[in-house]
Number of protein chains: 2
Amino acid sequence: MTKQKSTTIHDIADALGINSSTVSRALNDHPKVSEKTKKKVREMATQLNYRPNVLASNLRTSRSGTIGVIVPFISRYFFSTVIAGIEEEAHKAGYNVLISQSKDRLELEKKNIKTMMDSRVEGILISPALEGTDGQHIQEALDHGVPVFFFDRYHEGIETTKVLMNDRSTAKALGQHLLQEGGTHFLLLTGQMDSSIYRDRAAGIKDALESTGRDWATQVTSQKIPLTVEGGIEAVENSLKKGEVFDVVYAMNDLAAIGAVQALLKAGKKIPEDYMVVGFSNEPTSELIHPSITTVNQSAWTMGKTVTRKLVEQLKDKELSVASETTILKSELVIRTSSSKRNLER
Amino acid sequence: MTKQKSTTIHDIADALGINSSTVSRALNDHPKVSEKTKKKVREMATQLNYRPNVLASNLRTSRSGTIGVIVPFISRYFFSTVIAGIEEEAHKAGYNVLISQSKDRLELEKKNIKTMMDSRVEGILISPALEGTDGQHIQEALDHGVPVFFFDRYHEGIETTKVLMNDRSTAKALGQHLLQEGGTHFLLLTGQMDSSIYRDRAAGIKDALESTGRDWATQVTSQKIPLTVEGGIEAVENSLKKGEVFDVVYAMNDLAAIGAVQALLKAGKKIPEDYMVVGFSNEPTSELIHPSITTVNQSAWTMGKTVTRKLVEQLKDKELSVASETTILKSELVIRTSSSKRNLER
DNA sequence: CTGAAAGCGCTAACAC
DNA sequence: GTGTTAGCGCTTTCAG
């Protein structure tokens with residue numbers, strides 16, 4: 001615990017008999033400092049084991065070199081993977097990453113944004129909480145000149161950069177695939193909260209039905225459930241008990257799909273012969289269970305990289321100030337055993 | 001993009017006709033400021049929409065209010081869950097959390113620590129990279145007076161606080177369970193890198209064998225593999241091909257165990273009748289696949305909370321300066337179908 | 001190309 | 001209890 005004063009640019013200046021401002025310039029590679037002095041300064045810096053005091057530099061320039069990230073849950077595979085992408089890209093550009101989670105609660109999200117603003121983050125990347133569609137607090141940050149970019153989820157009516165998935169069109173492709181495989185009646189397992197992502201995933205199925213001249217009203221029943229394994233089990237057991245007619249379970253995420261599979265197998269049904277089951281998001285588990293589950297792969301990592309790159313660009317060139325840009329990343333259909341009657345070579 | 005100057009304590013002072021230092025004291029709830037002025041100051045602060053400039057305060061106090069976290073991979077379920085725990089506990093204590101990943105590479109880890117030291121983090125929580133057993137860079141941080149605490153993994157020979165799992169004794173319990181179930185010959189799938197965690201997990205099995213008077217040398221064959229699903233598949237296929245004798249696969253993580261299960265099922269073997277398979281870490285998937293896999297549950301979230309709480313305590317009271325404290329968290333055996341011949345009520 | 005000097009916003013002695 | 005004063009370490013005008 002050696003609490004010795006650390007070396008400053010003044011120490012370097014004194015040692016070299018020059019002025020501290022020259023040292024500052026030299027270390028920042030200012031163009032009009034001679035190469036000779038730059039070299040001297042750098043050498044002395046390493047010799048004295050100089051480390052810049054970022055805090056001081058931050059105060060002076062009122063830049064923190066930090067970007068804030070807010071996600072609902074850090075430990076969700078999708079989000080932690082996005083974060084991994086963010087972290088890589090941010091570090092490459094010389095930024096630190098400050099992380100916090102909203103737990104899908106509006107209050108916590110507001111508090112997080114406040115803390116980040118106080119910490120003078122230079123920008124915020126957020127996938128907003130499902131609770132509440134009101135983006136007041138986000139708008140405020142924007143008004144303070146701090147760019148806030150959305151990824152995966154967003155609020156309508158806030159003009160800013162967004163990086164999203166083309167869930168709707170991939171959901172349509174998924175729907176078409178299911179129809180082709182002979183699916184006729186869909187059981188839709190959707191989330192309890194109203195969110196852009198769930199709406200899109202449902203809309204895609206509707207698109208698919210309409211594109212082949214079928215009717216949503218008679219071919220789809222839906223249940224709002226907690227999108228968990230247990231939620232999926234319960235929902236399917238309910239539907240079976242009630243004798244509802246369906247031959248496809250379309251769950252809005254893989255966990256619920258896994259639950260559906262378990263419930264169906266337990267009831268002695270065959271997948272995909274009797275029932276097809278599909279999910280969304282390509283959780284690692286969906287590939288490993290039996291039968292493996294057809295799903296939609298979203299490149300979370302790419303999403304993190306992309307939205308970070310956009311933010312860094314914006315920070316580099318404040319004036320470019322695009323009002324609102326929406327980037328849609330391609331998700332891809334991953335067809336597996338649970339929906340593929342063709343090749344039953346299991 | 002309103003780039004107006006934000007209000008400072010001086011503005012508040014001027015508006016109230018008092019001195020800025022009084023404002024500072026009032027806002028920091030200094031004991032010898034009268035309640036009356038405190039109230040006035042606070043009201044004026046909210047009225048003027050004052051937000052403290054953390055950067056300035058940081059410089060002055062040379063505290064950043066930030067703790068750094070370094071993990072091998074953010075997106076690993078175990079680590080993202082630890083991080084979730086860290087985040088919660090840190091925020092509760094008023095700290096921000098700076099995150100970075102080492103990708104199990106020593107170089108990156110060193111760089112991360114440097115960056116964090118430059119950012120003046122007040123403490124670092126790290127699960128060190130598998131690459132390299134040399135903790136030079138960590139020792140340096142400690143020597144600079146920045147506490148570095150280990151979680152999950154650690155380096156020998158560095159005196160500091162650690163929060164670990166009792167992997168060895170749970171592995172012993174796991175071993176005893178397997179012996180009780182009639183296991184006789186173990187195929188050990190271990191990681192390629194030399195790391196405390198893998199050593200402990202293997203040592204536990206040895207303990208179990210010895211505790212019942214059996215012999216490691218004749219009852220255990222082991223393979224160093226990449227601890228992935230593919231690694232597990234390949235390893236088991238190899239062993240089967242070579243005709244090695246074993247009736248238990250003990251994988252050092254769940255992914256490899258899942259691979260082992262897949263390879264055995266594909267070869268037409270029955271689990272657990274012919275072969276038992278066990279893993280480690282309780283990945284979500286291990287419960288969901290068929291057969292469900294016996295594993296060891298490590299409370300990652302608790303680990304994050306615990307190590308953070310220790311760090312916060314240390315930061316609060318610099319002088320307490322415990323040289324080295326090791327906390328062992330209890331992991332628990334989770335017995336599932338893949339190792340349980342008794343109740344084959346599948 | 002380099003030096004002098006001011007100050008970012010806040011805190012902490014030290015006075016009174 | 002409150003005011004005065006002096007910086008924290010760095011950047012950035014403005015001179016020369």
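Each chain gets a letter, A, B and so on, in the order the sequences are listed, and its residues count up from 1. Owing to the predicted nature of the structure, the values given are computational and were not obtained by experimental measurement.
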Quick one: [X] [atom1] to [N] [atom2], roughly how many Å, whole number?
X      : N      : atom1 : atom2 : answer
B/H10  : C/dC10 : NE2   : P     : 7 Å
A/D118 : C/dC10 : CG    : C1'   : 14 Å
A/D29  : D/dC10 : CG    : C1'   : 17 Å
B/L27  : D/dT2  : CG    : C1'   : 15 Å
A/E35  : C/dC1  : CD    : C1'   : 13 Å
B/K36  : D/dG1  : NZ    : C1'   : 11 Å
A/L55  : C/dC8  : CG    : C1'   : 13 Å
B/L59  : D/dA6  : CG    : P     : 18 Å

- Tell me what B/N28 touches on the nucleic acid: a base, only sugar-phosphate, or nothing, going by heavy atoms under 4.0 Å.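 B/N28: backbone/sugar contact only, no base atoms under 4.0 Å.
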
- Message: Need one value for A/S24: base, sugar-phosphate or nothing, where a base atom within 4.0 Å counts as base even if backbone is also close, heavy atoms only.
- Response: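 Counting heavy atoms under 4.0 Å across all strands, the contact made by A/S24 includes a base.
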
- Message: So if I take every side-chain heavy atom of B/R60 and compare against C/dG7, C/dT11, C/dG3, which nucleotide ends up nearest?
- Response: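 Shortest atom-to-atom distance from the side chain points to C/dT11.
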
- Task: Looking only at side-chain atoms of A/S34, point me to the closest of C/dA12, C/dT2, D/dG3.
- Result: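 Of all the options, the side chain of A/S34 is nearest to C/dT2.
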
Check whether any side-chain N or O of [X] sits under 3.5 Å from a backbone N or O of [Y] as a donor-acceptor pair, and report yes or no.
X      : Y      : result
A/S127 : A/F151 : yes
A/S102 : A/L108 : no
A/E122 : A/G65  : yes
A/T8   : A/H10  : yes

Could you tell me which non-hydrogen atom of [X] sits nearest to which non-hydrogen atom of [Y], and how far apart they are?
X      : Y      : result
A/A141 : A/M117 : CB-SD, 3.8 Å
A/V307 : A/F149 : CG2-CB, 3.9 Å
A/F73  : A/F79  : O-CB, 3.5 Å
B/I70  : B/E109 : CD1-O, 4.4 Å
B/L27  : B/Y50  : CD1-CE2, 3.6 Å
A/H155 : A/D134 : NE2-O, 4.1 Å

Salt-bridged, [X] to [Y], with N to O below 4.0 Å?
X      : Y      : value
A/E35  : A/K39  : no
B/R105 : B/E131 : no
A/K92  : A/E89  : yes
A/E140 : A/K110 : no

- Message: Both B/P31 and B/R120 contact DNA chain D. Taking the nearest nucleotide for each, which residue is further toward the 5' end?
- Response: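 So the residue in question is B/P31.
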
- Query: B/S57 side chain N/O closer than 4.0 Å to the phosphate oxygens (OP1, OP2) of C/dT11?
  - Reply: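 For C/dT11, OP1/OP2 do have a side-chain N/O of B/S57 under 4.0 Å.
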
- Item | Selection: residues 37-44 of chain A, any non-hydrogen atom under 4.0 Å of DNA chain D |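 The stretch gives none, as no residue of it lies under 4.0 Å from the strand.
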
- Message: Near DNA chain D, counting only heavy atoms under 4.0 Å, which residues of residues 47-54 of chain B show up?
- Response: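 Contacts with DNA chain D under 4.0 Å: none.
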
- Query: Can you list, by residue number, the residues of residues 13-20 of chain A that have a non-hydrogen atom closer than 4.0 angstrom to DNA chain C?
  - Reply: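 Listed by number, they are A/I18, A/N19.
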
- Distance-only donor-acceptor check, side chains A/H91 and A/E87, under 3.5 Å: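 Per modelled atom types, A/H91 and A/E87 side chains form a pair under 3.5 Å.
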
- Query: Which residues satisfy the salt bridge (charged side-chain N to carboxylate O under 4.0 Å, His left out) test with A/K40, sequence neighbours excluded?
  - Reply: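 Result, salt bridge (charged side-chain N to carboxylate O under 4.0 Å, His left out) vs A/K40: none returned.
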
Hey, what are the protein-to-nucleotides 13-16 of chain C N/O distances that come in under 3.5 Å?
unit_1, atom_1, unit_2, atom_2, d
C/dA13, N6, B/R25, NH1, 3.3

- Message: How bent is the helix from C/dC1-D/dG16 to C/dC16-D/dG1, measuring the angle between the end axes built from five pairs each, rounded to 10°?
- Response: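 Result, rounded to 10 degrees: 30°.
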
- Message: Is it the case that over 12 heavy atoms from other parts of the model lie below 6.0 angstrom from the NZ atom of A/K111?
- Response: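 12 or below, so no.
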
